[in-house]
Amino acid sequence: MRTTQDAIRHLERISVYLEVKGENPFKINAFRKAASLLEAAELDFMAIEDFTAMKGIGKGTATVLEEFRETGTSTALTELEQQVPEGLIALLKIPGLGGKKLAKLHEVGVIDADSFAEKLADGTVEAMPGFGKKTVEKYSKALETFETRPERLPYGVMRKSVSELERTLAGIDQIIRFEVGGSFRRAEETCKDLDFIISTDHPKEVKAQLLEIEQIDEIIAAGDTKVSIVLKRDDAYIAVDFRLVDDLAFASTLHHFTGSKDHNVRMRQLAKERGESISEYGVETKDGLFQPKTEQELFARYDLPFIPPELRVGRQEFEADLNMLIQEKDIQADVHMHTTWSDGTLSVDELVDACAARGYSWMAITDHSKYMKFVNGLTEERLRKQRVEIEAARKKHPEMTILCGVEMDILPDGSLDYEDDFLKEMDYVIASIHSKFDQTEEEIMQRLENACRNPYVSLIAHPTGRIIGRRDGYAVNIDRLVELAAETGTALEMNANPGRFDLTASSLAKAKAAGVKLMINTDTHRPEMLEDMKLGVLHARKAYLEPSDVINTWTAKEARAFFDRKRLGVK
DNA sequence: GCCGTTTTCGGCCCGACTGTTTTCAGTCG
């Protein structure tokens with residue numbers, strides 16, 4: 001059995017090898033495009049009958065895919081692997097080094113980082129046409145930090161730098177307006193760099209001030225329309241691009257540098273069909289240059305509604321009804337939050353006040369269970385005591401429904417941290433895994449199955465346990481978990497913490513397709529984390545979730561009816 | 001490699017920056 005992900009990786013690998021061979025860029029792109037089509041396909045890779053039925057996949061790619069499905073590999077890739085040394089592939093990560101140059105380097109004997117360092121040192125590279133002194137210096141420097149710097153950084157890490165940079169830009173007088181674009185604006189899980197679009201009538205002065213930003217580790221480029229730097233923040237190196245444009249071009253440039261690349265390609269195709277041409281400066285029409293004042297105007301020109309950044313992936317956003325999607329204002333509750341009773345920093349009273357201030361009509365207090373000793377997890381006894389405080393908060397906020405909940409650990413042996421006799425006292429129970437991440441898929445799935453089959457467990461929180469950029473999470477089989485959730489009437493979580501984003505958008509889409517209900521939760525431990533709800537909703541939108549899919553857009557009464565159906569065993 | 005009713009060949013989205021050139025290729029987004 002080969003998964004869709006395996007097939008996608010196979011195609012991407014072929015495209016990378018072709019790139020290093022210095023092949024025709026359109027050929028390289030054809031494989032990438034096919035990979036992206038598989039990712040977006042409704043059907044599983046194994047279930048697709050005719051690959052060529054997908055527009056963008058022809059005979060060549062289809063042959064590769066069929067062979068891969070049969071044998072787990074393909075002649076195309078095997079042959080490429082014989083021609084191109086593995087070590088060469090990794091060198092593509094070096095900035096300023098692409099397929100064409102790498103192909104030339106291969107001709108003179110570069111096969112990996114070590115041999116590249118040698119050829120740089122002995123003058124071979126500098127003597128080659130198209131390479132020079134500066135290039136050699138740049139590559140030598142890059143090789144020093146090669147593979148020690150991660151290629152992409154988690155959204156949560158980037159967010160800090162974005163706030164800092166926004167404060168800096170706000171302090172530069174000659175800037176008319178600015179906005180962050182790129183993968184950050186699209187709320188991707190990780191970002192390769194940050195893109196800021198800046199409008200100004202004084203690009204030279206602004207450029208000079210940008211180059212004065214504190215803690216610049218490296219200046220990559222400093223032109224009149226583009227300033228590109230690397231910042232050092234704590235241990236992280238963050239690449240930042242600033243685009244300086246005339247204010248009339250601001251909206252076009254913002255759209256262009258928000259991407260994604262595939263989204264822009266689709267937009268430009270639409271323009272081309274009408275004999276127009278879109279660039280970052282505006283739309284070239286037969287009546288001259290049209291510069292939209294806003295992105296809305298640009299979309300409207302092609303009869304499109306405003307497509308929010310998080311949906312701009314170059315696929316269904318052009319056809320889907322975006323009005324149906326969940327919005328932040330639909331959220332009525334946050335139902336996974338911690339207080340000072342375990343490892344939160346807010347008291348019950350403060351947390352309830354904060355949720356009331358956000359306008360929620362209901363919420364749940366869900367501290368850790370007793371197994372989590374090191375975060376002061378609650379015994380049955382302490383949970384009963386906590387109810388007294390919650391009762392007081394209920395009196396203070398009669399407008400809100402406050403559920404007495406708990407985030408209960410699923411123990412390594414698969415048992416749950418409390419007996420059913422106790423659980424039935426609780427209004428609401430979350431189950432989650434915080435231990436023994438190295439178990440086999442069978443063991444992990446047995447733990448999750450036990451939790452799903454418990455009548456009092458309403459939600460599985462952060463179902464994969466991953467921490468983006470730090471750990472992959474445990475060996476969960478998402479398809480099986482979705483089946484279990486559907487069968488038992490258990491909800492799954494979209495954990496909105498940007499370090500987690502767990503489940504991912506693609507898993508959320510699977511859950512929705514199976515009729516599983518979801519909850520978007522902040523897992524708040526500190527007051528500012530309540531704000532992450534916004535991010536959670538953006539991620540839910542990437543999966544095209546609608547309010548009916550997400551329990552915390554419902555009223556407390558509707559939610560409790562859902563929990564009760566499982567508790568009482570009603571189908 | 002993919003595509004196509006003005007095309008089975010010749011296009012494929014567009015522009016900036018750098019470093020190497022002596023008018024442009026390569027890379028990047």
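Order of the sequence lines sets the chain letters (A, B, ...), proteins ahead of strands, with each chain counted from 1.
Using a 4.0 Å heavy-atom criterion, one finds that A:Ala271 contacts no nucleic acid atom at all. Counting any heavy atom pair closer than 4.0 Å across all strands shown, A:Pro95 reaches sugar-phosphate atoms only and no base atom. Among the heavy atoms of the strands lying under 4.0 Å from A:Ile94 are primed sugar atoms or P, OP1, OP2 only; no base atom is included. Residue contacts for A:Leu18: at a heavy-atom cut-off of 4.0 Å it reaches no nucleic acid atom on any strand shown. Heavy atoms of A:Asn29 sit nowhere under 4.0 angstrom from any nucleic acid atom. Among the heavy atoms of the strands, none lies under 4.0 Å from A:Lys33.
Figure legend. B:dG1 is base-paired to B:dC12; pairs are counted as Watson-Crick or G-U wobble with both atom distances under 3.5 Å.
OP1 and OP2 of B:dC13 both lie 4.0 Å or more from every side-chain N or O belonging to A:Ser277. Contact annotation: A:Lys55 reaches the phosphate of B:dG4 (side-chain N/O to OP1 or OP2, under 4.0 Å).
Spacing between atom CE of A:Met128 and atom P of B:dT21 amounts to 12 Å, rounded to whole angstrom units. Remark: P of B:dG1 and NE2 of A:His10 are 14 Å apart, rounded to the nearest angstrom.
Exactly one of A:Lys27, A:Arg32, A:Arg13, A:Lys100 qualifies for a salt bridge (charged side-chain N to carboxylate O under 4.0 Å, His left out) with A:Glu19. That residue is A:Arg32.
For the P atoms, the distance from B:dG26 to B:dT20 is 14 Å, rounded to whole Å. When the P atom is used for both B:dA16 and B:dG11, the distance is 23 Å, rounded to whole Å. B:dG4 sits 8 Å from B:dT8 when the C1' atoms are compared, rounded to a whole Å. Taking atom P on both nucleotides, B:dT21 is separated from B:dT27 by 15 Å, rounded to a whole Å. With P as the reference atom, B:dG1 and B:dT5 are 22 Å apart, rounded to whole Å. Comparing the same atom, P, in B:dG10 and in B:dG15 gives a spacing of 24 Å after rounding to whole Å. The C1' atoms of B:dC2 and B:dT7 are separated by 14 Å, rounded to the nearest whole Å. A gap of 24 Å separates the C1' atoms of B:dC9 and B:dC14, to the nearest Å.
In this structure, of B:dT18, B:dG26, B:dG29, it is B:dG26 that holds the atom nearest to the side chain of A:Lys100. Comparing B:dG1, B:dT27, B:dG29 against the side chain of A:Lys261 picks out B:dG29 as the nearest. Residue A:Thr61 has its side chain nearest to B:dC2 when only B:dC2, B:dC14, B:dC17 are considered.
Under the 6.0 Å cut-off for aromatic ring centres, A:Phe257 and A:Phe242 do not qualify, their centroids lying 6.0 Å or more apart. Here A:Phe318 and A:His263 bring their ring centres to under 6.0 angstrom of each other.
For the atom pair CE (A:Met267) and CZ (A:Arg312), the distance works out to 8.0 Å, reported to the nearest 0.5 Å.
Side-chain polar atoms of A:Asp287 and A:Thr285 form no donor-acceptor pair below 3.5 angstrom. For the residue pair A:Thr75 and A:Glu67, a side-chain donor N or O sits within less than 3.5 Å of a side-chain acceptor on the partner.
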